[in-house]
There are 2 protein chains.
Amino acid sequence: MICCVKDCTRGTILSDTNIPVRTMAPRPEGCRAVAETLGRIGDKWTVMVVGSLAQGPMRYNHILRTVEGISQRMLTLTLKGLEQDGLVTRTMYPTIPPRVDYELTELGRLLIAPLQSLHDWATEHRPAMLAARAAFAEKESEAASQRARFTTPK
Amino acid sequence: MICCVKDCTRGTILSDTNIPVRTMAPRPEGCRAVAETLGRIGDKWTVMVVGSLAQGPMRYNHILRTVEGISQRMLTLTLKGLEQDGLVTRTMYPTIPPRVDYELTELGRLLIAPLQSLHDWATEHRPAMLAARAAFAEKESEAASQRARFTTPK
DNA sequence: CAGGATCCGTCTTGATACTG
DNA sequence: CAGTATCAAGACGGATCCTG
């Protein structure tokens with residue numbers, strides 16, 4: 001159960017028509033956790049930074065070059081968030097010029113597996129999603145032209 | 001490899017100091033996909049709605065009551081997005097009053113597993129994350145008071 | 001019942017310039 | 001090199017009211 005819902009009931013679940021549907025093992029204790037976690041890693045850059053750091057420890061500018069399109073500001077903020085949540089360690093060498101290494105913690109490395117499964121789903125099913133989106137767009141414009149035919153008949 | 005990076009190189013990866021670090025099997029073909037997928041499902045309500053629908057087909061108002069805190073507007077938008085991407089089907093019965101059922105498609109049901117693994121990670125490691133956040137906040141305020149001691153000595 | 005339309009504040013992101 | 005500071009723009013989400 002991945003829900004964050006009110007009625008994480010146990011046992012058989014009844015639909016509105018009282019017909020038993022799929023049964024799952026609910027885990028109420030983690031319902032809120034999923035949403036919060038996704039709120040944390042679901043932003044625009046976090047997964048890419050984590051994915052980048054999955055290769056190993058990396059310096060600030062190296063991540064900056066690796067994660068295409070990220071700005072200094074966003075990288076700094078993302079790394080700070082990850083460090084704050086204990087997913088990344090920041091090691092500063094007070095040399096001149098300064099050098100800062102970032103590395104995934106054990107916690108951060110454990111996150112790689114779930115992200116990998118999400119990655120696999122994404123790569124495998126993205127064509128289907130794109131197709132669905134295209135089909136949906138077509139139906140939309142079709143319906144729009146239908147409406148237009150009756151609302152603006154000149 | 002879950003990255004969305006430029007140098008999804010193959011084989012051994014070298015750090016800035018030319019010391020070989022962890023080696024992973026990169027899959028450049030899916031780099032962008034992860035980011036896009038998370039952009040899709042990483043919003044505030046999508047996972048909760050999917051989690052709710054994982055129980056089985058459900059009517060609009062039932063989801064509304066199940067997903068605590070969601071507004072009509074957000075539920076409608078979320079469901080429309082999911083339908084557009086082929087993760088959810090919308091079945092309308094033109095009765096009075098109207099009745100609309102939402103149900104996960106096969107694609108949507110396949111998404112449950114990755115979300116489940118993310119859920120498991122979240123429930124298992126959330127205490128650690130909260131602890132890390134608390135520790136970080138403490139260090140922050142500590143450093144802040146240090147600074148204050150020297151910048152505003154009255 | 002299941003939305004659609006509107007308004008409006010907030011949060012996020014990006015661009016740019018500056019610094020120890 | 002590795003950031004910080006500031007500003008502007010746009011996306012996002014919530015509240016409210018309306019409807020077939």
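In what follows, chains are A, B, ... by sequence order, proteins preceding strands, each numbered from 1.
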Problem set entry | Closest-nucleotide ordering on DNA chain C, the 5'-leading residue of A:Pro98 and A:Asp43 |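 Its nearest nucleotide lies further toward 5', so the answer is A:Asp43.
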Rounded off to whole Å, could you give me the [atom1]-to-[atom2] distance for the [X] and [N] pair?
{"X": "A:Gln72", "N": "C:dG14", "atom1": "CD", "atom2": "C1'", "result": "13 Å"}
{"X": "A:Ile96", "N": "C:dG20", "atom1": "CD1", "atom2": "C1'", "result": "9 Å"}
{"X": "A:Leu75", "N": "C:dA15", "atom1": "CG", "atom2": "C1'", "result": "16 Å"}
{"X": "A:Leu77", "N": "C:dG14", "atom1": "CG", "atom2": "P", "result": "11 Å"}
{"X": "A:Lys44", "N": "C:dC11", "atom1": "NZ", "atom2": "P", "result": "19 Å"}
{"X": "B:Met58", "N": "C:dA2", "atom1": "CE", "atom2": "P", "result": "13 Å"}
{"X": "A:Arg90", "N": "D:dT4", "atom1": "CZ", "atom2": "C1'", "result": "12 Å"}
{"X": "B:Ile63", "N": "C:dC1", "atom1": "CD1", "atom2": "P", "result": "14 Å"}

Exercise. Are B:Tyr102 and C:dC1 close enough that a side-chain N or O sits under 4.0 Å from OP1 or OP2?
Worked result: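 False: B:Tyr102 side-chain N/O out of range (4.0 Å or more) of C:dC1 OP1/OP2.
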Exercise. Do the side-chain N or O atoms of B:Lys80 get closer than 4.0 angstrom to the phosphate oxygens (OP1, OP2) of C:dG3?
Worked result: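 So the side-chain polar atoms of B:Lys80 never come under 4.0 Å of the phosphate oxygens OP1 or OP2 of C:dG3.
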Starting the side chain at C-beta, find the nucleotide from [options] nearest to [X].
{"X": "A:Trp45", "options": "D:dG3, C:dG14, C:dG4", "answer": "C:dG14"}
{"X": "B:Met74", "options": "D:dG13, D:dC1, C:dC1", "answer": "D:dG13"}
{"X": "A:Pro97", "options": "D:dG3, D:dC1, C:dA2", "answer": "D:dC1"}

Problem set entry | Single hit among A:Val49, A:Asp101, A:Thr66 for side-chain contact (heavy atoms from CB on, under 4.5 Å) with A:Met58 |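 So the option named by the test is A:Thr66.
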Problem set entry | Polar side-chain atom of A:Thr105 near backbone of A:Gly86 as donor-acceptor pair, under 3.5 Å |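 Answer holds: yes.
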Problem set entry | Short side-chain to backbone donor-acceptor contact, A:Thr123 and A:His119, under 3.5 Å |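 Pair found, side chain donor or acceptor close to backbone of A:His119.
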Exercise. Got a second to check how far B:Arg40's CZ is from B:Asp43's CG, nearest 0.5 Å?
Worked result: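 These two atoms lie 6.0 Å from each other.
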For this session: Look at the side chain of B:Arg73 against the base of D:dG13 and say whether a donor-acceptor pair falls under 3.5 Å; ignore hydrogens and angles.
Result: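 It does, because a donor-acceptor pair links the side chain of B:Arg73 to the base of D:dG13 below 3.5 Å.
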Exercise. Should the pair A:Lys80-A:Glu83 be classified as a salt bridge under the 4.0 Å nitrogen-to-oxygen rule?
Worked result: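 Between A:Glu83 and A:Lys80 there is no salt bridge, as every charged N stays at least 4.0 Å from the carboxylate O atoms.
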Exercise. What nucleic acid atoms does B:Thr76 come within less than 4.0 Å of, heavy atoms only: base, sugar-phosphate, or nothing?
Worked result: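 The residue B:Thr76 makes sugar-phosphate contact but no base contact.
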